[in-house]
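When reading the values below, keep in mind they use all heavy atoms of this one structure, side chains included, and skip hydrogens, waters and symmetry mates. Each chain gets a letter, A, B and so on, in the order the sequences are listed, and its residues count up from 1.
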Amino acid sequence: MEWRQVGKLKSTYVDALPELVNPRTGRIHTTFNQAVAATGRLSSTNPNMQNIPVRSERGQRVRDLFVAGGPDRVLLSADYSQIELRVIASMSGDAGMIDAFLSGEDIHAATASKVFGVPLAEVSREQRSQAKTVNFGIIYGVSAFGLSQQTNLSRSEAKEVIEQYFATYPGIKKYIDDQVAAARAQGYVETLLGRRRYLRDIDSRNQAVRGHSERNAINAPIQGTAADIVKLAMIRIHDRLQREGLKSPMILQVHDELVFDAYSTEVESLRELVKAEMESAFVLKVPLVADTGVGRTWLKAH
DNA sequence: TCAATCACG
DNA sequence: ACGTACGTGATTGAA
């Protein structure tokens, strides 16, 4: 497994990326596709700059190779905190999840506290980790089987955790049922901004095919609304950079993160501008929060 | 050309 | 009885 990890990093990144450096600019120039992903996300090719390693230690050494454009510059990274969970909280109107975000709670710990019925301060690492897995799973339409595969919970335990989750956040259960019903009635679901995903297999007699379509009905409005919001923020940031005469370019989008090649002289005003535009790009029933970081490398900007 | 694998959010 | 968590792109090796 270690051999495979090293081989992946070498062939896909260490060997391939230097070949893609433009001799004129000395930089790598990706292409962003705006009409590929079914949810409205961007995708990135030749090379894919949205899957640069970061999770493993060896992966972090690769990400550390991406540097600012000159000695007078730094990379500024700004990323949305929990944007998809905030979107489902808002779209579903679930009072408990909305309250958790309004109070600025650690959403995974808050979920664990409610689902497992323990005080917030007594949530164990294991409980928080399981709650985090459920929170992510819910966005994808996970089943008890899927959750049991993803955790060390048995199937029956996973079933109970999901039931407790829906008892804690009844609005989320309703959101899921409503989106699947909307897909059946209309043949599509849509984001808060009206982007549609058509689901032609929603009535399939093949339950695996139909199940896939139902999970798309659950997930697409969430992932798609988040994508819409990020795009709005990008447009507004670009406008303000131009209007206010800032010269630091926006160079990357990684779904919930924007990266800028910032001139050191501009970095503080840029940071304020970017954070403000990301957090006000669209008004939900919960706050949008964007965290920023600055560093000489992409890794260190986090 | 395709499936399997693995990198990311 | 059946199938089982969303969205992508690049590389590899076999057909």
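Ion pairing of A/Arg240 with A/Glu277 is present here, as a side-chain N (NZ or NE/NH1/NH2) and a carboxylate O approach within less than 4.0 Å. Between A/Lys300 and A/Asp64 there is a salt bridge, since a side-chain N of the basic residue sits under 4.0 Å from a carboxylate O of the acidic one. A salt bridge does not link A/Asp94 with A/Lys174: none of the charged nitrogens is closer than 4.0 Å to a carboxylate oxygen. By the 4.0 Å N-to-carboxylate-O rule, A/Lys173 lies too far from A/Glu163 to be salt-bridged with it. The existence of a salt bridge linking A/Glu279 and A/Lys275 is confirmed by a sub-4.0 Å separation between a basic side-chain nitrogen and an acidic carboxylate oxygen. By the 4.0 Å N-to-carboxylate-O rule, A/Glu266 lies too far from A/Arg73 to be salt-bridged with it.
If you check every strand for non-hydrogen atoms under 4.0 Å, A/Ile52 touches sugar and phosphate atoms only. Across all strands shown, A/Arg58 has no heavy atoms under 4.0 Å from either base or sugar-phosphate atoms. Within the 4.0 angstrom heavy-atom criterion, only backbone atoms of the sugar-phosphate kind lie near A/Asn48; the bases stay farther away. Backbone-only contact: A/Arg215 has heavy atoms under 4.0 Å from sugar-phosphate atoms and none from a base. Residue A/Phe136 is in base contact, counting any heavy-atom pair closer than 4.0 Å across all strands shown. Among the protein residues, A/Ala226 comes within range of no part of the nucleic acid, since none of its heavy atoms lies under 4.0 Å from any strand. Residue contacts for A/Ala227: at a heavy-atom cut-off of 4.0 Å it reaches no nucleic acid atom on any strand shown. Nucleic acid contact for A/Ser143: base, since at least one base atom lies under 4.0 Å from a heavy atom of the residue. Within 4.0 Å of A/Thr30, counting heavy atoms only, lies no atom of the nucleic acid at all. Within the nucleic acid shown, A/Gly137 comes within 4.0 Å of at least one base atom, counting heavy atoms only.
We find that OH of A/Tyr80 is positioned 19 Å from C1' of B/dC8, with the value rounded to whole Å. When the P atom of C/dT8 is taken as reference, atom CZ of A/Arg41 falls 9 Å away, rounded to whole Å.
The nucleotide whose nearest atom lies closest to any side-chain atom of A/Asn51 is, among C/dT11, B/dC8, C/dG7, B/dC8. When each of B/dT5, C/dG7, B/dG9 is scored by its nearest atom to the side-chain atoms of A/Asn219, the top-ranked nucleotide is C/dG7. When the nucleotides C/dC6, B/dA7, C/dT8 are ranked by their closest atom to the side chain of A/Gln223, C/dC6 comes out on top. Minimum atom distance to the side chain of A/Phe145 is reached by C/dT4, of the listed C/dT8, C/dA10, C/dT4. Across C/dG9, C/dG3, B/dG9, the shortest atom-to-atom separation from the side chain of A/Lys8 is found for C/dG9.
The base of B/dC8 is not paired with the side chain of A/Gln50 by any donor and acceptor separated by under 3.5 Å.
Taking atom P on both B/dA4 and C/dG3, the two are 16 Å apart, rounded to the nearest angstrom. Comparing C/dC2 with B/dT5, their P atoms sit 24 Å apart, to the nearest whole Å.
Contact between the side-chain N/O atoms of A/Arg155 and the OP1/OP2 oxygens of C/dT4 is not found at any separation under 4.0 Å. Put simply, A/Asn216 has a side-chain N or O that comes within less than 4.0 Å of OP1 or OP2 on C/dG7. Between A/Arg4 and B/dC6, a side-chain N or O to OP1/OP2 separation shorter than 4.0 Å is present. Residue A/His212 places at least one side-chain N or O closer than 4.0 Å to OP1 or OP2 of C/dC6. Side-chain nitrogen and oxygen atoms of A/Ser11 include at least one within less than 4.0 Å of the OP1 or OP2 phosphate oxygen of C/dT12.
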